[in-house]
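Below: the structure, in C-alpha cells.
Indexing begins at 1, ligand by ligand and atom by atom, following the structure's order.
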Amino acid sequence: MAPDDMPRTQPLDAVDQSLVDGVLARQLRPLAKTITLIESQREDHQARARSVLEALLPHTGGAMRVGISGVPGVGKSTFIEALGLYLIEQGLRVAVLAVDPSSSITGGSILGDKTRMERLSQNTAAFIRPSPSAGSLGGVAEKTRETMLACEAAGFDVIIIETVGVGQSETAVANMSDMFCLLQLPNAGDDLQGIKKGIMELADLVVVNKADIDLAATTRAQAQLKTALHMLRPVSPNWSPPVLTLSALRMEGVAEFWQTVCEYRDTMKRTGEFETKRRRQARAWMWELIDAGLRAHFRSHPRVRADLPALTEAVEEGGTTPSAAAQRLLRYLKDAV
Ligand SMILES: Nc1nc2c(ncn2[C@@H]2O[C@H](COP(=O)(O)OP(=O)(O)OP(=O)(O)O)[C@@H](O)[C@H]2O)c(=O)[nH]1
C-alpha cells in the first residue's frame, strides 16, 4: 500500500506534539506521560496514545529487546540491576519493563518495582517501569509492547522485559523480545521434570544464577541443562541455546552474558532471522488486536448481550449444540454489516 493510502489516526494537537518532541529529545518526563496515556483505559487517552505512537514509530526498532524470565527468588532483579549497571558502564541506556499477570489481580505490581533495583533506578541512563496493572495478560502484554516502542523512540539501546516464570506470561514476553533468556537455580538439573518443556523451548539462552553458592552443583546443572536443550528442536537453525553460569550478587559473568547476547544478535542479523522474527511478531501482534477487537465488538452487540446468557445455559444443559448457538450469535454480527 502506498504510504498516502495508509489509514491515519487523528492529527496531533499541541500537547501531544510536545510529548512526541520530548520523547524524541530523550526526556524522561514526556516518556513517562506517554506511557501513562498508553496504559490508560480511557477511550480518548487511547486514541491520543495511538496518534503519539504513530508519530514515534519511524524512530523505533533500534534497541536490542531482551526478555528475562525465571521463578520468584531466582535472582531476576539482582541480575537485571547488575546487567543494567554493566551496560551503562559501556555507554548504553537501559529501559526495564515488566509483564506481571498477577498485577491485574492484585492491582499492584511485583516486577519492575523501583525499590527492587535501587541503584539502577537512581541512574539517569536507566528507566524502570513496573508492569501495567490493568486487564488480562493480553492487555498487560499489549501495553508493555507499546511502552517498549516509546522507550525505543526515546533512544534506549537495550530494553529488558522481565517476567515471572509462571503461566503464559513467558510466551507473551518471548513474542516481544529478540532474545529470550531463562534464569535457573543451581539445583535446576536435579529436577529437570520441574522445568516446563514449553518454556525451555522458548529459551535462546539459559543462565544458571547463584554460582557462588555451590560451584559443583552449578556446573552439574549446566551440563544437565545442556543435555536437556540438545534433546529439544532448536528454535533457529543457526543458533543452539548456550547455558551460562553467573553470580548476579557478585556481578560475575555479566560481561560474558552480554557478549553472548551480542553474538546472538550478530548471528541473527547476518542470517536475516532477526528481521524475519520482528516481522512475524508485528504480524502476530496485529492479529491479536484484531481478534481482541472482534471479540469485544461481538460481546457489545445488543442482541448478543440479550441472547448470550440463555444460549449459554442451553449449551451447558445440552438443549442446543455449541455450534448452533455460535452460529446464531455470530449471525447478529453479519446482519449488522
Ligand atoms: N548467593 C547469591 N544470592 C543471590 C544471587 N542473585 C540473587 N540472590 C539473592 O536471591 C534472593 C532473591 O533475589 P531477587 O533478585 O529478589 O530474585 P527475583 O527473581 O527478582 O525474585 P522475585 O522478586 O520474587 O521475582 C535475594 O536475597 C538475592 O540477594 C546470586 O548470584 N548469589
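Here the side chain of E81 pairs a donor or acceptor atom with the backbone of R119 at under 3.5 angstrom.
Heavy-atom proximity to I213, at under 4.0 Å, picks out these atoms of ligand 1: 1 (N). Every atom of ligand 1 is numbered from 1 in the order shown, and the set under 4.0 Å from a heavy atom of S247 is 31 (O). For ligand 1, the atoms sitting less than 4.0 Å from at least one non-hydrogen atom of N209 are 5 (C), 6 (N), 31 (O), numbered in the order shown with element in parentheses. Close approach of ligand 1 to K76 (heavy-atom distance below 4.0 Å) involves ligand atoms 15 (O), 17 (O), 18 (P), 19 (O), 20 (O), 25 (O). Within ligand 1, counting atoms from 1 as listed, the ones closer than 4.0 Å to a heavy atom of D212 are 1 (N), 2 (C), 30 (C), 31 (O), 32 (N).
For R278 and E275, the salt-bridge test fails: no basic side-chain N is under 4.0 Å from an acidic carboxylate O.
Considering backbone and side-chain atoms alike, K210 places an N or O below 3.5 Å from some N or O of ligand 1.
Within the 4.0 Å heavy-atom shell around ligand 1 one finds G73.
When only modelled atom types and interatomic distance are considered, Q17 and D21 share a side-chain donor-acceptor pair under 3.5 Å. Counted by atom type alone, W239 and E273 present zero donor-acceptor pairs between their side chains at under 3.5 Å. Counting only N and O atoms by type, the side chains of Y264 and D178 include no donor and acceptor under 3.5 Å apart. Judged purely by distance below 3.5 Å, without hydrogens or angles, the side chains of S131 and D100 never pair a donor atom with an acceptor atom.
Between H301 and Y332, the angle of the ring planes stays under 30°, which puts this pair in the parallel group of the 30/60° scheme.
The nearest non-hydrogen atom to atom 13 (O) of ligand 1, considering only G75, S77, A248, comes from G75. Closest heavy-atom approach to atom 7 (C) of ligand 1 among the candidates V71, T78, L246, V74: T78.
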